There are 2 protein chains.
Amino acid sequence: MPGFRRGRIQPCQRRQRRGMRLILRPSLLLLLAEKESHGYELCEQLASFGFEPEGLDSSIVYRDLREMEEMELIYSYWDENSKGPKRRVYRIQEEGRSRLAEWIENIKSIQARMEKLINRYHSL
Amino acid sequence: MPGFRRGRIQPCQRRQRRGMRLILRPSLLLLLAEKESHGYELCEQLASFGFEPEGLDSSIVYRDLREMEEMELIYSYWDENSKGPKRRVYRIQEEGRSRLAEWIENIKSIQARMEKLINRYHSL
DNA sequence: TATACTATTGACAAAATGCATATAGTTTAG
DNA sequence: CTAAACTATATGCATTTTGTCAATAGTATA
C-alpha cells in the first residue's frame with residue numbers, strides 16, 4: 001500500500017476538501033517553523049491539524065513544499081545519513097516566517113467572516 | 001463603468017480571494033433562504049458578508065447561481081414586470097435548505113481547524 | 001524472496017477561476 | 001436628442017489549481 005492515498009472522491013466532497021487545502025500551506029509552514037522536517041514526516045504530522053491520511057494525497061504535500069521553496073519561504077537539503085531512501089529535509093527561511101504571519105492574519109479574517117455567516121444562518 | 005469588476009490581481013492576492021470563494025455559495029444560498037432575489041441584487045447584498053464589489057466579478061456570481069440551479073438547490077423564473085432589463089429571480093428549494101445546513105456544518109469544522117492552527121501559531 | 005513500508009517525483013486530466021466581452025433596456029446629464 | 005452611465009445577464013477562453021496515477025528506489029520483515 002503506497003502511503004497517504006485514497007480512491008476517487010465525489011464532487012460534493014471536493015468542495016469540503018477545498019477548505020482544508022486553504023490551510024495546508026500555512027500548516028506546513030507552521031510545522032517547519034517549529035522544526036525542520038521532510039515530506040513524509042510532515043504528511044504524518046498533518047494529522048494533528050485535522051488532515052486525515054485518506055483525505056490527502058501525499059503528492060500534493062510534496063508539490064506544495066516545492067512551490068514554497070520556489071517562493072523562497074523554505075529551502076531544502078538532502079539528508080544522506082538517514083536510513084531508507086534519502087530524505088529531502090526542509091527548513092524555514094526568514095521570508096517564510098513573515099509570510100506565515102501574513103497567512104495567519106488572512107486566516108483570522110476569513111474566520112471572522114465565517115463567524116458572521118454562521119451567526120446570520122442561526123438567526124434565520 | 002460595468003458593475004462589479006476589477007483589474008488584474010497579483011498571485012499573492014489570489015490565495016486570499018480563495019477563502020472568500022469558499023463561502024460564496026453558502027452566502028448566496030443564505031441570502032436566498034432569507035428572501036428570493038436576482039443576481040444583481042445578490043451582488044450588492046454580498047457586501048454584508050465582506051465581499052467588496054472590486055473583489056468579486058459579477059460573472060462568478062451568475063455562474064454560481066446557474067450551477068446551484070443545476071444542482072436543484074434553487075430555481076428561477078423571469079420577472080417580466082420589473083423596470084429595466086428583465087431579471088432572473090431565484091428562489092431556494094427544500095434541497096437547498098438542507099444543503100445549506102450541511103455547508104454551514106462544514107464551515108464550522110473548517111473554522112475549528114483554523115482556530116487550532118492559529119492557537120498553535122501563537123504558542124510558537 | 002515476496003511483500004510492505006519509507007520516501008520522492010513527474011505527467012496528465014479534470015475542475016475551478018479570472019477576465020474580457022457581448023447584449024440590451026433604462027435613466028440621467030449635457 | 002444623444003451620449004454616457006447604470007441595471008441586468010450570459011458566454012467563451014486562457015490560466016491556474018487540483019486530484020489521481022504511475023514510476024522509482026532503498027530497507028525491513030515475514
Side-chain angles (χ1 to χ4, degrees), chain A residues 1-25 28 37-46 51 53-71 76-90, chain B residues 1-22 24-25 28 37-45 51 53-71 76-90:
Chain A
M1 191 211 312
F4 313 113
R5 294 287 171 82
R6 50 120 205 271
R8 187 170 279 105
I9 60 173
Q10 306 298 322
C12 59
Q13 291 205 298
R14 312 197 71 200
R15 212 151 258 280
Q16 302 198 338
R17 306 238 164 136
R18 209 103 52 79
M20 292 307 276
R21 285 294 283 109
L22 201 70
I23 58 168
L24 179 55
R25 286 180 189 215
L28 288 170
S37 185
H38 60 278
Y40 197 86
E41 190 182 32
L42 289 164
C43 282
E44 292 173 329
Q45 294 176 323
L46 280 172
F51 292 93
E54 330 83 55
L56 183 69
D57 191 294
S58 58
S59 69
I60 291 170
V61 173
Y62 288 111
R63 187 165 50 197
D64 274 2
L65 288 169
R66 302 310 295 275
E67 279 169 23
M68 289 195 289
E69 185 168 28
E70 268 181 48
M71 292 188 249
S76 68
Y77 62 91
W78 285 103
D79 179 4
E80 311 274 355
N81 305 336
S82 62
K83 297 279 155 197
K86 285 194 294 183
R87 299 163 170 174
R88 184 187 287 280
V89 178
Y90 287 95
Chain B
M1 193 209 312
F4 313 112
R5 295 286 170 84
R6 52 126 199 270
R8 189 170 276 105
I9 59 171
Q10 306 299 322
C12 59
Q13 292 207 296
R14 312 195 73 197
R15 209 152 260 280
Q16 303 198 337
R17 305 235 166 140
R18 212 101 52 79
M20 292 308 277
R21 283 297 282 115
L22 199 70
L24 179 55
R25 286 180 190 214
L28 288 170
S37 186
H38 61 280
Y40 197 87
E41 190 181 33
L42 289 165
C43 283
E44 292 172 329
Q45 294 175 323
F51 293 91
E54 330 82 55
L56 184 69
D57 192 293
S58 58
S59 70
I60 291 170
V61 173
Y62 288 112
R63 187 165 47 196
D64 274 3
L65 288 169
R66 301 310 292 274
E67 279 169 23
M68 287 197 289
E69 185 168 27
E70 268 181 49
M71 292 189 251
S76 69
Y77 62 90
W78 285 104
D79 179 2
E80 312 272 357
N81 305 336
S82 61
K83 296 282 153 192
K86 285 193 294 184
R87 300 162 169 176
R88 184 188 287 279
V89 178
Y90 287 95

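Proteins come first, then strands; the chains are lettered A, B, ... in the order of their sequence lines, and each starts at number 1. Computed from a predicted structure; not experimentally measured.
- Taking atom CG of B/Leu56 as the reference point, atom P of C/dC19 lies 11 Å away to the nearest angstrom.
- Residue B/Arg21 places at least one side-chain N or O closer than 4.0 Å to OP1 or OP2 of C/dT17.
- Between A/Arg87 and C/dA7, a side-chain N or O to OP1/OP2 separation shorter than 4.0 Å is present.
- Exactly one residue among A/Arg66, A/Glu69, A/Arg87 makes a side chain to side chain donor-acceptor pair (under 3.5 Å) with A/Ser76. That residue is A/Glu69.
- Rounded to an integer number of Å, the gap from A/Met68 CE to C/dT8 C1' is 16 Å.
- Salt bridge annotation for B/Asp64-B/Arg21: present, with a cationic side-chain nitrogen under 4.0 angstrom from a carboxylate oxygen.
- With rounding to the nearest 0.5 angstrom, the CD atom of A/Glu41 is 11.0 Å from the CG atom of A/Leu46.
- Side-chain nitrogen and oxygen atoms of B/Arg18 include none within less than 4.0 Å of the OP1 or OP2 phosphate oxygen of C/dT17.
- Straight-line distance from the OH atom of B/Tyr40 to the P atom of D/dT9: 10 Å, rounded to whole Å.
- Atom SG of B/Cys43 sits about 10.5 Å away from atom CZ of B/Phe51, to the nearest 0.5 Å.
- Place A/Pro85 and A/Asp64 on DNA chain D by their nearest nucleotides, and A/Asp64 ends up nearer the 5' end.
- Taking atom CZ on B/Arg66 and atom P on C/dT17, their separation rounds to 18 Å, with Å as the unit.
- OP1 and OP2 of C/dT9 both lie 4.0 Å or more from every side-chain N or O belonging to A/Tyr62.
- At the heavy-atom level, A/Arg63 lies under 4.0 Å from base atoms of the strands shown.
- Comparing A/Ser82 and B/Ser82 by the nucleotide of DNA chain D that holds the closest heavy atom to each, the one mapping nearer the 5' end is B/Ser82.
- Taking atom CG of residue B/Leu42 and atom C1' of nucleotide D/dT9, one finds them 13 Å apart after rounding to whole Å.
- Taking 3.5 Å as the limit, the base of D/dT20 and the side chain of A/Ser59 contain a donor-acceptor pair of atoms between them.
- The distance between atom CG of B/Leu22 and atom C1' of D/dT17, rounded to the nearest whole Å, is 14 Å.
- Between B/Arg25 and B/Glu67, at least one side-chain N (NZ, or NE/NH1/NH2) sits under 4.0 Å from a carboxylate O, which counts as a salt bridge.
- Rounded to an integer number of Å, the gap from NZ of A/Lys86 to P of C/dC5 is 24 Å.
- In this structure, CZ of A/Arg25 is placed 11 Å from C1' of D/dT18, rounded to the nearest angstrom.
- Summary of the strand contacts: A/Gly39 and B/Lys83 both lie near DNA chain C, and taking for each the nucleotide with the nearest heavy atom, the more 5' one is attributed to A/Gly39.
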